[in-house]
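Written out below as structure tokens is the structure these notes cover.
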Amino acid sequence: MSVSSLDVKVRKVEKSRISEIDPANIQFGKNYSDHMLIAYYENGAWKQPEIVPFTNLSLSPATTFFHYGQAIFEGVKAYKDPNGNPIIFRPRDNWKRMNRSAKRMAMPNVPEDIFVEGMRQLIDLDRDWVPSSEETSLYIRPFMVAIDEFIGVRPAEKFMFMIITSPAGPYYNKPVSIYVQDQYVRAFPGGIGFTKAAGNYGMSMYPTQMIKEMGYDQILWTDGFTHKNVQEIGTMNVFFRIGDTIVTPDITEDTILEGVTRDSVLTLLRENGFKVEERVISIDELADAHKAGQLKEAFGTGTAASIAPIYALTYHDNKMELPPLETWETANWLKKELADIRYGRKADTHAWIVPVK
Ligand SMILES: *Cc1c(COP(=O)(O)O)cnc(C)c1O
């Protein structure tokens, strides 16, 4: 079944919790908006989605995803445009990616209208939860889990798709200190590195905890064979400026998560005449460039942080510090350009913005 004109059953809260929010001090992930969207998949079909008050769930302890991790998610953001109307940044790209993740995890496709249309209706209803001050947004978390009540091992047959949302404050933009990881591996060809599967996050917790104890903020992951070729930082895509060329790892091996921010950055750079390369980048090349004074910028990209500048990369006993952030032409330009598009201050020439209404 495909739901063609999305008919969502709506049950509204009796009283909004919006007064719990202090607009001057919004902490990411602390508060959740009044409503959530929920849709069940059973007998090979999606049922009518519902928007209901945000509440706890009741699930059998035998629910499969608790045990075997058929669980995927997405991260999207809504912003207030200059007229105070909520707009969503590239939700269809997240929808497509969710279905790439779903396929790899033997989960069903989520129809576009449940994902995008359902999201629009949810945000419209909770529009007061989209903050309007500088650098704030509404973080949107669509996710899908397997909910068979069965602890035998097999791909599940019942699934639950949900969307919850949470106001997000200005991202703490202190440049991050990076540890180049050449022992633990995040992704390898044939694996699930390209998906937004919960398991990718679960496996990264221990190595991340270790490097945090050592005083670093994030890991630069390397490949599983040579431990030399860089993949991503933490849960962000990574870019470097070497001389006048911007480089980022290519996505051909299924090891890199294809970020919507990554794609937006590549598009903007290419349109504006920057020299860009998607290719294999080894840590030795970065170390050589640093030694020659050619490693000019390094930054992560993702929905949560947008552009996250890197202040130093540590590989064994080589701590490579980057030049002062004020001198970074590319990252600073990108950050402003992206923000202007996301907040609807600049013409949307790529059809990236989806208005809620
Ligand atoms: C979500 C994610 C990103 C960033 O993707 P965006 O669509 O830009 O938010 C990058 N790497 C990993 C591993 C991720 O999970």
Side-chain angles (χ1 to χ4, degrees), residues 28-29 69 71-79 88-102 104-105 115-116 119 137-144 163 165-166 168 171 176 178 181 184-189 191-205 207-208 217-224 229-240 248-269 278 281 298-310 331 334-335 337-339 341-342 350 352-354:
F28 179 75
I72 59 175
F73 67 96
E74 273 302 325
V76 192
K77 273 183 172 176
Y79 304 83
I88 312 175
F89 188 69
R90 304 190 67 173
R92 285 191 188 87
D93 296 275
N94 294 90
W95 164 67
K96 287 180 196 153
R97 186 171 68 195
M98 179 159 229
N99 284 337
R100 290 198 293 274
S101 300
R104 178 62 180 80
M105 299 299 287
F115 191 100
V116 178
M119 185 183 295
S137 57
L138 185 72
Y139 185 80
I140 306 167
R141 169 52 58 86
F143 62 100
M144 176 170 35
I163 307 178
T165 72
S166 174
Y171 194 82
V176 288
I178 299 294
Q181 179 59 263
Y184 298 101
V185 177
R186 190 192 93 90
F188 41 86
I192 60 167
F194 71 98
T195 70
K196 244 178 152 64
N200 279 334
Y201 280 66
M203 58 73 68
S204 74
M205 299 294 174
T208 304
D217 301 307
Q218 289 290 350
I219 288 173
L220 178 60
W221 298 101
T222 56
D223 74 284
N229 299 329
V230 306
Q231 295 180 332
E232 304 198 43
I233 60 164
T235 56
M236 285 183 280
N237 295 114
V238 69
F239 287 76
F240 303 94
T248 192
D250 59 277
I251 52 166
T252 50
E253 275 191 334
D254 284 356
T255 54
I256 309 281
L257 193 292
E258 203 176 338
V260 176
T261 319
R262 176 187 185 277
D263 183 72
S264 308
V265 162
L266 287 171
T267 304
L268 292 174
L269 289 176
E278 293 174 73
I281 304 159
F299 52 91
T301 67
T303 296
S306 182
I307 307 287
I310 293 170
L334 270 171
K335 189 166 183 250
E337 193 74 7
L338 260 181
I341 299 172
R342 283 172 159 158
H350 309 91
W352 284 347
I353 296 296
V354 174

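Whatever order the structure lists them in is the order used to number ligands and atoms, beginning at 1.
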Only counting residues at least two apart or in another chain, list the ones meeting ring-ring contact (aromatic ring centres under 6.0 Å, His included) with Phe143.
none
Which protein N or O atoms sit under 3.5 Å from any N or O of ligand 1? Give each pair with its distance.
{"from": "ligand 1", "atom 1": "7 (O)", "to": "Arg97", "atom 2": "NH1", "distance (Å)": "2.8"}
{"from": "ligand 1", "atom 1": "7 (O)", "to": "Arg97", "atom 2": "NH2", "distance (Å)": "3.2"}
{"from": "ligand 1", "atom 1": "7 (O)", "to": "Val260", "atom 2": "N", "distance (Å)": "2.8"}
{"from": "ligand 1", "atom 1": "8 (O)", "to": "Val260", "atom 2": "N", "distance (Å)": "3.3"}
{"from": "ligand 1", "atom 1": "8 (O)", "to": "Thr261", "atom 2": "N", "distance (Å)": "2.9"}
{"from": "ligand 1", "atom 1": "8 (O)", "to": "Thr261", "atom 2": "OG1", "distance (Å)": "2.6"}
{"from": "ligand 1", "atom 1": "9 (O)", "to": "Thr303", "atom 2": "N", "distance (Å)": "2.8"}
{"from": "ligand 1", "atom 1": "9 (O)", "to": "Thr303", "atom 2": "OG1", "distance (Å)": "2.6"}
{"from": "ligand 1", "atom 1": "11 (N)", "to": "Glu232", "atom 2": "OE1", "distance (Å)": "2.5"}
{"from": "ligand 1", "atom 1": "11 (N)", "to": "Thr235", "atom 2": "O", "distance (Å)": "3.3"}
{"from": "ligand 1", "atom 1": "15 (O)", "to": "Lys196", "atom 2": "NZ", "distance (Å)": "2.7"}
{"from": "ligand 1", "atom 1": "15 (O)", "to": "Tyr201", "atom 2": "OH", "distance (Å)": "2.5"}

Within the side chain of Lys77, is there an N or O that forms a donor-acceptor pair under 3.5 Å with the backbone of Thr303?
yes
Checking Arg141 side chain against Glu74 main chain: does a donor-acceptor pair fall under 3.5 Å?
yes
Has the side chain of Asn200 got a donor or acceptor atom that lies under 3.5 Å from a matching backbone atom of Thr195?
yes
Under 6.0 Å from the ring centre and within 45 degrees of the ring axis: does the NZ or CZ of Arg342 meet both conditions for the six-membered ring of Phe89?
yes
Does a salt bridge link Glu278 with Arg262, judged by any charged N lying under 4.0 Å from a carboxylate O?
yes
